[in-house]
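Numbers restart at 1 for each chain; the letters A, B, ... are given by sequence-line order, proteins then strands. From a predicted model like this one, the values you see are computed outputs, not experimental measurements.
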2 protein chains.
Amino acid sequence: MRAAVPSEDSSPRNASQVLADVRKLIAGGGLDADGKLPNERDLSVQLNVGRRGLRRALDALEAEGLIWRRQGKGTFIGQPPDPKGKLAAEISAEANPLSVMEARLCLEPELAALCAQRAGPEDLVRMHHLVDRIDQTSDAESAELWDGSLHRLIARVAGNPILMTAFALLDAVRTSQTWQDQRDRARSPELRRLYTQQHRSIVSAIARHDTDGARATMREHLSLLSLNLRAVYPGDRP
Amino acid sequence: MRAAVPSEDSSPRNASQVLADVRKLIAGGGLDADGKLPNERDLSVQLNVGRRGLRRALDALEAEGLIWRRQGKGTFIGQPPDPKGKLAAEISAEANPLSVMEARLCLEPELAALCAQRAGPEDLVRMHHLVDRIDQTSDAESAELWDGSLHRLIARVAGNPILMTAFALLDAVRTSQTWQDQRDRARSPELRRLYTQQHRSIVSAIARHDTDGARATMREHLSLLSLNLRAVYPGDRP
DNA sequence: CGTGCGAACCATTTAAGGATTGGTTCATCT
DNA sequence: AGATGAACCAATCCTTAAATGGTTCGCACG
């Protein structure tokens, strides 16, 4: 490809082609459970572009909030987990799915409210990107990653260190547990549409800086999740 | 030593000699900054006792609370550090009094609501007892301690492991900070009466299992604290 | 037979070294 | 001047061996 078009105005075209290729890769699913992309050296060979050119595409996607990168670790889709979550999980007692959901219902509406107070234009653009990704992804595992990323971004933009750590603990517990049952992910198209609508409502309330609206829509979303969880995990209490 | 007294009633005497030797070592200083003792194998040679005998002495000292041991790590004088300590310190570096209060306003009303669902008779007795103690204590520092105990009890009775961990971190950050200004504690009799009234309202709502009431009264209490805090720490945001 | 002892084995933590991965710089080419 | 590939740098991870406390086993002695 590069050899075929070396003398054309290759720079803008080639860069946008690479960007499109990486987008396709991100959208295509089939990545590891942690959403890890191939390393830069492999990916540049795979996409037939120099590493430097690839990095420029990755820079753009990172700015959009669709990927995160860490030197020595790799490149991953979505938003990064807060490292304090793992630490917090070490000192926390065991939690079951119902108590995790209960904690989410207490915490995340408040985070959404704070996020609505503090979100800037760039944050909102990223949230919209993530909602789009959730919507457009067909495989359940990727949808889960994008979904988790949206919630991570909201928690981060909320801007409170202690609450962020609390959220990170929830995030760490949720992603480390094997009670992610297959049924939990087999979402009917109906349900998926409803979730997406709820995500859009949350982000819309945040965009309007509507604190109460954000709190209410997040609570609504999590209540629905809670209902579905209880159908799978009956129990008298968390 | 053992060779010199093999035929006497050596067991109790030898054991107490070993115990005394280890005590001397503990009291003598000259250990590392982290209070680490030599490993058991070295120490048994040093004190001319078998490892098994040494372990019996160490068992006794551990039971007395003078040392702590961890497999793979070593034996240390004193008590183990609080596992929350590192994480709380990290959070503290990013937090300020306003953000701590903000987190309290988000978290503690929810804890009070869960507590109202789950409190048993014994819990209520303890809560009333603590409220009485806060009321009856004349010095500000003690009142602060009882106050903290009440909030901790509420968080515990709420019964959610994740939220409990979040609260514990919040508590650790709060109590470790030097922002505990003396003015913060010099509460006028007027204000103290109001706080006590609020504490009673909270516990009363909890006793009635009035979830919304508990949430509202806790929020009211913390909002007043927040107001007073803002008077001391002006700032546009947490 | 019961108890103590040393040796051996087991389980957890730590440290070190090499491999992997992203971040940056340098030299060369267009 | 900008793009490119190669080389170098810095951070993270993984593996392995060593260090350390926890426990068991076999033997000796009273």
Side-chain angles (χ1 to χ4, degrees), chain A residues 1-19 22 31-32 34-63 66-77 80-84 86-87 90, chain B residues 1-19 22 31-32 34-63 66-77 80-81 83 86:
Chain A
M1 199 158 39
R2 256 187 314 134
V5 234
S7 54
E8 299 193 351
D9 186 8
S10 59
S11 183
R13 182 162 173 276
N14 215 313
S16 59
Q17 267 186 319
V18 173
L19 188 52
V22 183
L31 299 175
D32 285 355
D34 57 359
K36 192 174 189 308
L37 293 184
N39 72 63
E40 288 178 359
R41 290 170 180 100
D42 286 352
L43 199 49
S44 65
V45 170
Q46 186 177 330
L47 298 183
N48 199 20
V49 62
R51 195 175 150 209
R52 191 71 203 87
L54 172 68
R55 286 185 57 77
R56 266 192 293 270
L58 293 176
D59 287 344
L61 291 170
E62 190 171 20
L66 294 178
I67 64 169
W68 61 283
R69 293 135 95 189
R70 204 71 79 229
Q71 182 174 342
K73 194 177 174 70
T75 301
F76 302 80
I77 66 169
D82 187 311
K84 287 199 274 298
K86 279 235 179 85
L87 296 175
E90 285 170 16
Chain B
M1 198 155 46
R2 254 187 314 138
V5 236
S7 54
E8 298 193 355
D9 186 9
S10 58
S11 183
R13 183 165 173 279
N14 216 314
S16 59
Q17 266 187 316
V18 173
L19 189 52
V22 183
L31 299 176
D32 285 357
D34 56 2
K36 194 176 190 300
L37 293 184
N39 72 61
E40 289 180 0
R41 290 172 180 98
D42 287 352
L43 198 49
S44 66
V45 170
Q46 186 176 332
L47 298 183
N48 198 19
V49 62
R51 196 175 149 207
R52 190 70 204 88
L54 172 68
R55 286 185 58 76
R56 266 191 295 268
L58 294 177
D59 286 344
L61 291 170
E62 188 171 21
L66 294 180
I67 62 168
W68 61 283
R69 295 134 95 188
R70 203 72 80 228
Q71 181 173 339
K73 193 177 172 70
T75 302
F76 302 81
I77 63 171
K86 273 223 187 102

side-chain hydrogen bond (donor to acceptor under 3.5 Å, both in side chains) partners of [X], counting only residues at least two apart:
X     : value
A/R41 : none
A/D42 : A/N39
B/R69 : B/D59, B/E62

Does A/R69 make a side-chain N or O approach to OP1 or OP2 of C/dG23 shorter than 4.0 Å?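 So the side chain of A/R69 is within the cut-off, an N or O lying under 4.0 Å from OP1 or OP2 of C/dG23.
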
Examine C/dG22: is either OP1 or OP2 under 4.0 Å from a nitrogen or oxygen in the side chain of A/T75? Give yes or no. yes

Whole angstrom value for the distance that separates [atom2] of [N] from [atom1] of [X]:
X     : N      : atom1 : atom2 : answer
A/N39 : D/dT12 : CG    : P     : 17 Å
A/I67 : C/dT21 : CD1   : P     : 16 Å
A/L58 : C/dG23 : CG    : C1'   : 12 Å
A/K86 : D/dT12 : NZ    : P     : 13 Å
A/W68 : D/dA11 : CH2   : P     : 17 Å
B/K36 : D/dT20 : NZ    : C1'   : 7 Å
A/E40 : D/dT4  : CD    : P     : 15 Å
A/D59 : C/dG22 : CG    : C1'   : 11 Å

Might you point out which heavy atoms bring B/G50 and B/S44 nearest each other, and give the distance in Å?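 Answer, listing the atom of B/G50 first, then B/S44: C-CB, 3.9 Å.
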
Looking at every non-hydrogen atom in both residues, tell me the closest pair between B/A60 and B/L19 and how far apart they are.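 What the structure gives for the nearest pair is CB-CD1, 4.3 Å.
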
Could you check which of [options] has an atom nearest any side-chain atom of [X]?
X     : options                : result
A/R51 : C/dT24, D/dG21, C/dT21 : C/dT24
A/R56 : D/dG21, D/dT4, C/dG4   : D/dT4
B/R41 : D/dT23, D/dT20, C/dG22 : D/dT20

What residues form a side-chain contact (heavy atoms from CB on, under 4.5 Å) with B/I77, not counting sequence neighbours?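 Scan of B/I77 (side-chain contact (heavy atoms from CB on, under 4.5 Å), adjacent residues dropped) gives B/I26, B/L31, B/L37.
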
Listed partners of B/K36 passing side-chain contact (heavy atoms from CB on, under 4.5 Å), at least two apart: B/D34, B/F76

Could you go over nucleotides 24-28 of chain D and give all protein N or O partners under 3.5 Å, atom names and distances?
none

A/R70: what forms a salt bridge (charged side-chain N to carboxylate O under 4.0 Å, His left out) with it, not counting sequence neighbours?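 So A/R70 forms no salt bridge (charged side-chain N to carboxylate O under 4.0 Å, His left out) with any residue.
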
Test side chain to side chain contact (heavy atoms under 4.5 Å, CB included) applied to B/V22 and B/T75, B/I67, B/L54, the passing residue: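 By the side chain to side chain contact (heavy atoms under 4.5 Å, CB included) criterion, B/V22 pairs with just one of B/T75, B/I67, B/L54: B/L54.
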
Each nucleotide in nucleotides 13-19 of chain C should get exactly one letter: B, S or -. Can you fill that in based on protein heavy atoms under 4.0 Å? BS-----

